[in-house]
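These figures come from a predicted structure and were not determined experimentally.
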Amino acid sequence: MERAMNKPTFWEGVVVALFAGIAGAGGFYAFAALCSGAVAIRIVIGGLTFVYTLYLLGRSPERVGRATALLAGGLLSAAVWLFYPPLFLFLLAHALYIWLIRALYFHSRLFSSLADLGLCLFGIASAFWAFDRTGSLFMTVWCFFLIQALFGVLSGGNPQAADAAFPADGEADFNRAYRAAEATVRKLSNSN
């Protein structure tokens with residue numbers, strides 16, 4: 001059964017940015033009451049990355065590899081907590097993880113994947129700009145995720161359209177592979 005492309009839209013991304021801003025600011029102040037501000041902001045970055053990844057995987061039409069993607073995210077998060085790099089590198093690692101999830105699950109073309117990488121990097125730059133100008137954590141998170149909302153506009157290429165543009169005779173491909181496999185098995189059995 002084929003699933004239709006369920007790619008997030010720009011306006012949906014705006015709503016996600018609003019909720020991320022509220023959750024990020026609220027989470028920071030809640031965690032800052034329990035631990036230092038440096039630890040609290042890292043908890044918020046990790047938490048927002050995890051929740052945004054769950055959102056992306058939930059919206060993806062691809063069902064394969066979700067557990068592996070979450071495990072990789074958990075390992076990345078554990079590694080950056082273990083090595084405790086400067087905040088910029090911590091943020092960059094999580095933004096690149098978001099990009100990797102979107103590149104693997106939503107884009108079928110190199111250009112759209114690279115444009116999405118540009119969105120992630122521009123999102124980091126806009127977040128730092130917003131924090132420098134306003135000092136507001138809400139605005140910082142809002143700006144980052146507002147730039148990420150543009151991901152819904154990117155033309156990632158529909159895999160079904162790509163298949164229609166480059167049709168492949170599946171039966172002929174299968175038969176060719178089957179004959180090659182039979183020939184290999186014959187060679188291996190004759191060599192003994």
How many angstroms lie between atom [atom1] of [X] and atom [atom2] of [Y], to the nearest 0.5 angstrom?
X      : Y      : atom1 : atom2 : answer
Phe151 : Thr9   : CZ    : OG1   : 10.5 Å
Leu146 : Leu18  : CG    : CG    : 10.0 Å
Tyr97  : Thr53  : OH    : OG1   : 4.5 Å
Cys143 : Ile147 : SG    : CD1   : 7.0 Å
Leu100 : Leu117 : CG    : CG    : 10.5 Å

Tell me, do [X] and [Y] make a side-chain contact under 4.5 Å, heavy atoms counted?
X      : Y      : result
Trp99  : His107 : no
Pro8   : Val16  : no
Ile45  : Thr49  : yes
Val141 : Ile22  : no
Leu70  : Phe50  : yes

Cluster question for you: counting only ILVMFWY and a side-chain heavy-atom cut-off of under 4.5 Å, with indirect links fine, are [X] and [Y] together?
X      : Y      : value
Phe111 : Phe122 : no
Leu54  : Leu71  : no
Phe10  : Leu56  : yes

Taking ILVMFWY side chains as joined if any heavy atoms are under 4.5 angstrom apart, and letting links pass through other members, which residues group with Phe83?
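Leu82, all in the cluster of Phe83.
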Share the residues that join Val15 in a hydrophobic cluster, the rule being Ile, Leu, Val, Met, Phe, Trp or Tyr side chains under 4.5 Å apart at the heavy-atom level.
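The other cluster members (ILVMFWY side chains, heavy atoms under 4.5 Å, direct or chained) are Phe19.
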Atom pairs and distances, donor-acceptor, side-chain atoms in residues 129-137, under 3.5 Å, two or more places apart:
from   : atom 1 : to     : atom 2 : distance (Å)
Thr134 : OG1    : Ala130 : O      : 2.7
Thr134 : OG1    : Ser136 : N      : 3.1
Ser136 : OG     : Phe138 : N      : 3.3
Ser136 : OG     : Met139 : N      : 3.2

When you measure from the side chain of Gln148 to the backbone of Leu119, do you find a donor-acceptor pair of N or O atoms at a distance under 3.5 Å?
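Checking the backbone N and O of Leu119 against the side chain of Gln148, a donor-acceptor pair under 3.5 Å is found.
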So with a 6.0 Å cut-off around OH of Tyr84, is the heavy-atom count from everything else above 12?
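Yes - once you tally the heavy atoms of other residues, nucleotides and ligands closer than 6.0 Å, there are more than 12.
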Specify the closest pair of heavy atoms between [X] and [Y], including all atoms of both residues, with the distance to one decimal.
X      : Y     : result
Leu48  : Gly24 : CD1-CA, 4.0 Å
Phe106 : Pro61 : CE2-CD, 4.5 Å
Ala40  : Ala32 : CB-N, 3.6 Å
Leu76  : Ala93 : CD2-O, 3.6 Å

Applying ring pair (Phe, Tyr, Trp, His ring centres under 6.0 Å), can you list everything that pairs with Phe90, at least two apart in sequence or on another chain?
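Counting only residues at least two positions away or on another chain, Phe90 forms a ring pair (Phe, Tyr, Trp, His ring centres under 6.0 Å) with Trp81, His94.
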Looking at residues at least two apart in the chain, or sitting in another chain, which of them share a ring pair (Phe, Tyr, Trp, His ring centres under 6.0 Å) with Tyr52?
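Tyr52 satisfies ring pair (Phe, Tyr, Trp, His ring centres under 6.0 Å) with Tyr55, Phe145 only.
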The side chain to side chain contact (heavy atoms under 4.5 Å, CB included) partners of Ile124 (sequence neighbours excluded) come to Phe88, Leu91, Leu92, Ala95, Phe128, Phe144
Just jot down the side chain to side chain contact (heavy atoms under 4.5 Å, CB included) partners of Ala115, sequence neighbours excluded, or say none.
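Side chain to side chain contact (heavy atoms under 4.5 Å, CB included) check on Ala115 returns Leu154.
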With sequence neighbours left out, which residue pairs that include part of [range] fulfil the salt bridge (charged side-chain N to carboxylate O under 4.0 Å, His left out) condition?
range           : value
residues 94-104 : Arg102-Asp116
residues 8-18   : Glu12-Arg59
residues 71-85  : none

Residues in side-chain hydrogen bond (donor to acceptor under 3.5 Å, both in side chains) with Tyr29, at least two apart?
none
Evaluate Phe28 against Thr140 for side-chain contact (heavy atoms from CB on, under 4.5 Å), listing each step before the verdict.
CA-CA 12 Å; Phe28 173 76; Thr140 302; over 6 Å; no
Taking only residues at least two apart or on different chains, which pairs with a member in residues 32-41 satisfy side-chain hydrogen bond (donor to acceptor under 3.5 Å, both in side chains)?
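Sorted pair list comes back empty.
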